[in-house]
J.: 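Structure below; questions to follow.
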Amino acid sequence: MRTHYCGTIRTEQIGETITLCGWVDRRRDLGGVIFLHLRDRSGSVQVVSDPIRTPASYHLAETLRSEYVVKITGRVYNRPEESLNTRIPTGEIEVYAEQIEVLNRVHNQLPFQVSQTENEFVREDLRLKYRYLDLRRERMSANLQLRHRVIKAIRRCLEDRFNFMEIETPILTRSTPEGARDFILPSRVNLGEWFALPQSPQLFKQLLMVSGFDRYYQVARCFRDEDLRADRQPEFTQLDMEMSFMSQEEIIDLNEELIYQIFKEIKGIELSRPFPRMTYAQAMDEYGCDKPDTRFDLKLVNVSELFKDSQFKVFSGAIASGGVVKILPIPGGNETISNVRIKPGGNLFKEAAEAGAKGVAYIRVLDNNEIETIGAIKDSLSEASKQQLLTLTGAKPGDLLLFGAGDAAMVNKTLDRLRLVIGRELGLIDDNKVNLLWVTDFPMFEYNADEKRLEALHHPFTAPHPDDIADLTTARAQAYDIIFNGTEIGGGSVRIHQREIQEKVFSAIGLSTEEANDKFGFLLEAFEFGTPPHGGIAYGLDRLVMLLAGEDSIRDVIAFPKTQQARCLLMNAPSGVDTKQLKELEVISTYKPKADSQ
RNA sequence: GGGACUGUAGCUCAGUUGGUUAGAGCGCGCGCCUGUCACGCGCGAGGUCGCGGGUUCGAGUCCCGUCAGUCCCGCCA
């Protein structure tokens, strides 16, 4: 039907007669001459019609309206000198519409304008209900095209350079005990039994290693029935990879090359390699989190040693009961952060309270290194300790020191949040920076106080560090996360490939031999038949694309996302089903809709 | 499960201390206009102020409930 995409026409096509198909983006009828912008996914181009140059199309051009679908044949001309448009790539040329064919009209008022000036905001529920129109808009179209280019770059790199194979794994699989809630589906053929949708292809990809497909990848849909966030959808896409006969170093090296390639092709940025590394312990110590945004400093300082015998009981007490005292030093903070904001009612106080802190103690460093703080802290601080405090934190006159005291997890969480809020507010974050960081040496387990047992921090198939094998409960894992500007975009590990070690790990997380055999017997058995050493990684593809697109929500890089209430407003899913369908499955819903309260 | 914000014309928003006929820009319709590109000018249509209840002489505005969307906490190995 057509010969070109609208957005691709340049001065090279001048003189050619071309045929374009697309949507009327805008129409400007000047009375005697009509300008149209014709749009397709490549962009738009100006089409001209007037009674003299294009008599055959003029009357039809008068009837065109926004979003009509048209086919236009005409010759490409350069624009008059004074009518060049430097803001669009096709601004040097225009097409004289010799022939216009209306392929389809718009019969109703559009729910929102597709062609938008500036970045006009439209309610998200409307956009989602009419997602097909939303996706016509330049921003969304560009996002999906970016997503496509990212996936294409990944495929090229993994397949052509590294010899990976893409292999599909089942969507209908079985429920797994650890991790997120499963989506489950009743089996009609096996009444009373249920499939689960995969939270990730983890076990299948490990089994593929057993099969000898030593380099596997998949653009894999994953499902988790948990509450939604700006960066969490119930179904999302992972770039899932698994490799045999590769050490952690080799896996990291290959993945750096992949990430390097993505940034080069998509953003034109050549990242310097190797990427910086940080151990989990160092990340927690200096940043209070396992995915530090290293675009700005504001590192935490542990001052527990200094305060362990302090007269100020809030600090010494915290340390005595196994906690810590840490400081977030803010250079120039006296100037930029008022007491009101740190005290109850202030936004920094609220931020700390959400992390579980009872409050935020602080010290202001004044001229001559005098300090200003509450009396109880000042009284408890000897001149020597004061000097030590200033040395440890590197604080200078004008600086503000924010304290976190108590349980280490809470202190880290509090100061991490304050660091990010303050970093953003003080403009310390350079948006043009691209910082990639490997965080390594995660602990194998984390204690779950509610369930009174150890939990795998990564997942229970992660191999322990060979030096730490004697005591698994405190062992480091051969696990690694890749962090992009403070967001985790991927994580992986070397896997266990020996039955004895896998059994020890299952036992460490409180899985009985029977449970382990019931849930993972197939894996343990597979380990007996020649399983190669292997490891892998999975990237949150939606999140990666979101960051590359500069969006704040993964919904903006997913064609048909769910709302926060996990609904598809376009299809209106989920929905009820026929009782006949339920009967066939031997399923009865016990759900009672809430009675209308009057 | 919890907290916060939002909901007024097709869209984006304004609407003061509760006050009489609810406004603007864009879009839409009609007319004029031959170099616009967010074209311009004129005229016009378009409203269950999310929904339900309450307070009041009077509610878009205050109160209660509810629905929807968003952000966050919990949750997400």
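In what follows, every chain begins at residue 1, and chains take the letters A, B, ... in the order their sequences are listed.
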J.: Does some side-chain heavy atom of A:Leu541 sit less than 4.5 Å from a side-chain heavy atom of A:Ile489?
T.: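 A:Ile489 does not reach A:Leu541 side chain to side chain.
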
J.: To the nearest angstrom, how far is A:Phe121 atom CZ from B:G7 atom P?
T.: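 Checked: the CZ to P distance equals 11 Å.
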
J.: Decide whether A:Asp240 and A:Gln218 meet the rule of one side-chain donor and one side-chain acceptor closer than 3.5 Å.
T.: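 The answer is no; no qualifying pair exists.
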
J.: Judged by each residue's nearest nucleotide on RNA chain B, which is more toward the 5′ side, A:Arg123 or A:Asp50?
T.: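 Between the two, 5'-proximity favours A:Arg123.
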
J.: Which nucleotide wins on minimum distance to the side chain of A:Glu124, given the candidates B:U36, B:G69, B:G10?
T.: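 Of the options given, the side chain of A:Glu124 lies nearest B:G69.
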
J.: Does A:Arg417 contact B:C72 through a side-chain donor or acceptor facing the base, at a distance under 3.5 Å?
T.: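 No such pair is found, so the answer is no.
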
J.: State whether the distance check finds a donor on one side and an acceptor on the other, under 3.5 Å, for side chain A:Asn108 versus base B:G10.
T.: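 In this structure, the two groups form no donor-acceptor pair.
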
J.: Take the protein atom CZ of A:Arg26 and the nucleotide atom P of B:C37, then report the distance between them rounded to whole Å.
T.: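 Those two atoms, CZ and P, are 11 Å apart.
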
J.: B:U20 and B:C49: how far apart are their P atoms, nearest whole angstrom?
T.: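 The answer is 16 Å between these two P atoms.
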
J.: Mind listing the residues from residues 554-571 of chain A sitting with a heavy atom below 4.0 Å of RNA chain B? Number order is fine.
T.: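 Heavy-atom contacts with RNA chain B come from A:Arg555, A:Thr563, A:Gln564, A:Gln565, A:Leu569.
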
J.: Can you tell me how the ring of A:Tyr132 sits relative to the ring of A:Tyr130, calling it parallel under 30°, perpendicular over 60° and tilted otherwise?
T.: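 Aromatic pair A:Tyr132/A:Tyr130 classed perpendicular.
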
J.: Report yes if the side chains of A:Glu242 and A:Arg495 come closer than 4.5 Å at any heavy-atom pair, otherwise no.
T.: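 In contact.
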
J.: In whole angstrom, give me the gap between the C1' atoms of B:G54 and B:A77.
T.: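 Between the two C1' atoms, the distance is 50 Å.
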
J.: Provide the full list of salt bridge (charged side-chain N to carboxylate O under 4.0 Å, His left out) pairs with a residue in residues 559-573 of chain A, sequence neighbours left out, each pair given once.
T.: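 The answer is A:Glu235-A:Lys562.
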
J.: Do A:Gln46 and B:U36 have a side chain to base donor-acceptor pair shorter than 3.5 Å?
T.: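 Between B:U36 and A:Gln46, which were checked side chain against base, a qualifying N/O pair under 3.5 Å is present.
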
J.: Taking any heavy-atom pair under 4.0 Å as a contact, classify A:Pro80: base, sugar-phosphate, or nothing.
T.: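 Base: the residue A:Pro80, judged by heavy atoms under 4.0 Å, touches a nucleobase.
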
J.: Remember a base hit wins even if backbone is also touched, and classify A:Ile34 as base, sugar-phosphate or nothing at under 4.0 Å, heavy atoms.
T.: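 If one applies the 4.0 Å heavy-atom cut-off, A:Ile34 turns out to touch nothing in the nucleic acid.
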
J.: Using the P atom as the reference point in each nucleotide, state the distance between B:G27 and B:G40 in Å, no decimals.
T.: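 It works out to 8 Å between them.
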
J.: Using side-chain heavy atoms (C-beta onward) and a distance below 4.5 Å, is A:Leu36 in contact with A:Leu64?
T.: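 Of all side-chain heavy-atom pairs linking A:Leu64 with A:Leu36, at least one is under 4.5 Å.
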
J.: Side chains of A:Ser49 and A:Ser57: do they bring a donor and an acceptor to under 3.5 Å?
T.: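 Yes.
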
J.: Using the side chain to side chain donor-acceptor pair (under 3.5 Å) criterion, which residues pair with A:Gln206? Sequence neighbours excluded.
T.: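 Counting only residues at least two positions away or on another chain, A:Gln206 forms a side chain to side chain donor-acceptor pair (under 3.5 Å) with A:Gln202, A:His534.
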
J.: Starting at the 5' end of RNA chain B and moving along, which residue's nearest nucleotide shows up first, A:Arg27 or A:Leu126?
T.: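 It is A:Leu126 whose nearest nucleotide is closer to the 5' end.
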
J.: Nearest whole Å is fine: how far is B:U36 P from A:Arg79 CZ?
T.: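 Going from CZ in A:Arg79 over to P in B:U36 covers 11 Å.
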
J.: Rounded to whole angstrom units, what separation is found between the CG atom of A:Leu110 and the P atom of B:G10?
T.: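 Result: 14 Å.
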
J.: Checking all strands, does A:Gln233 fall into the base, sugar-phosphate, or nothing category for heavy-atom contacts under 4.0 angstrom?
T.: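 Contact class for A:Gln233: none.
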
J.: C1' atom, B:A45 versus B:U56: distance in rounded Å?
T.: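 Each nucleotide's C1' atom is 35 Å from the other's.
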
J.: For the residue pair A:Tyr539 / A:Asn255, report whether a side-chain donor-acceptor contact shorter than 3.5 Å exists.
T.: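 Yes, because at least one side-chain N or O of A:Asn255 sits under 3.5 Å from a partner of the opposite role on A:Tyr539.
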
J.: For RNA chain B, which residues in residues 489-497 of chain A have a heavy atom at a distance below 4.0 Å?
T.: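 Result for residues 489-497 of chain A: none.
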
J.: Regarding A:Leu36, tell me which of base, sugar-phosphate or nothing describes its non-hydrogen contacts under 4.0 Å with the strands shown.
T.: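 No contact at all - A:Leu36 keeps every heavy atom at 4.0 Å or more from the nucleic acid.
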
J.: List the residues meeting side chain to side chain donor-acceptor pair (under 3.5 Å) with A:Asp481, not counting sequence neighbours, and say none if there are none.
T.: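 With neighbours one apart ignored, the set is empty.
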
J.: Given atom CG of A:Asp182 and atom P of B:A77, what is their separation to the nearest angstrom?
T.: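 In whole Å, B:A77 P lies 11 Å from A:Asp182 CG.
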
J.: Give A:Ile88 one of three labels, base, sugar-phosphate or nothing, depending on what nucleic acid heavy atoms sit under 4.0 Å from its own.
T.: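 A:Ile88: no heavy atom of the nucleic acid under 4.0 Å.
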
J.: Could you list by number each residue of residues 54-70 of chain A showing a heavy-atom separation from RNA chain B of less than 4.0 Å, or answer none if no residue does?
T.: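 Of all residues in residues 54-70 of chain A, the ones placing a heavy atom under 4.0 Å from RNA chain B are A:Arg65, A:Ser66.
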
J.: Rounded to whole Å, how long is the line connecting atom CG of A:Leu30 with atom P of B:C32?
T.: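 Nearest whole value for this atom pair: 14 Å.
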
J.: Tell me which nucleotide among B:C37, B:G27, B:C76 gets nearest to the side chain of A:Gln109.
T.: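 Of the options given, the side chain of A:Gln109 lies nearest B:G27.
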
J.: To the nearest Å, how far apart are A:Tyr77 OH and B:C37 C1'?
T.: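 Taking atom C1' of B:C37 as the reference, OH of A:Tyr77 is at 20 Å.
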
J.: Regarding A:Arg229, tell me which of base, sugar-phosphate or nothing describes its non-hydrogen contacts under 4.0 Å with the strands shown.
T.: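 Base, at least one base heavy atom under 4.0 Å.
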
J.: Is the shortest side-chain N to carboxylate O distance from A:Asp134 to A:Arg127 below 4.0 Å?
T.: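 Salt bridge: yes.
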
J.: Tell me, do A:Arg28 and A:Ile34 make a side-chain contact under 4.5 Å, heavy atoms counted?
T.: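 No - every pair of side-chain heavy atoms lies 4.5 Å or more apart.
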
J.: What contact category does A:Ser49 fall into here, base, sugar-phosphate, or nothing, at under 4.0 angstrom with non-hydrogen atoms?
T.: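 If one applies the 4.0 Å heavy-atom cut-off, A:Ser49 turns out to touch nothing in the nucleic acid.
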
J.: Does any donor atom in the side chain of A:Tyr96 or A:Glu98 lie under 3.5 Å from an acceptor atom in the other side chain?
T.: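 Distance-only check fails for A:Tyr96 and A:Glu98.
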
J.: Is there a donor and acceptor pair closer than 3.5 Å between the side chain of A:Arg232 and the base of B:C76?
T.: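 When only heavy-atom distances are counted, A:Arg232 does reach the base of B:C76 through a donor-acceptor pair under 3.5 Å.
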
J.: Going by modelled atom types, is there a donor-acceptor pair between the base of B:C37 and the side chain of A:Asn85 at under 3.5 Å?
T.: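 Answer is yes: a donor-acceptor pair is held.
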
J.: Determine the interatomic distance between P on B:U70 and the same-named atom on B:U8; round to the nearest Å.
T.: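 Straight-line distance between the two P atoms is 16 Å.
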
J.: Is A:Lys413 touching bases, backbone alone, or none of the nucleic acid, heavy atoms closer than 4.0 Å?
T.: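 Since only primed, P, OP1 and OP2 atoms lie under 4.0 Å of A:Lys413, the category is sugar-phosphate.
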
J.: Centroid-to-centroid, A:Phe223 to A:Phe236, below 6.0 Å?
T.: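 No, the ring centres sit 6.0 Å or more apart.
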
J.: Nearest-Å distance, CG (A:Leu420) to C1' (B:C73)?
T.: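 Rounded to whole Å, this separation is 16 Å.
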
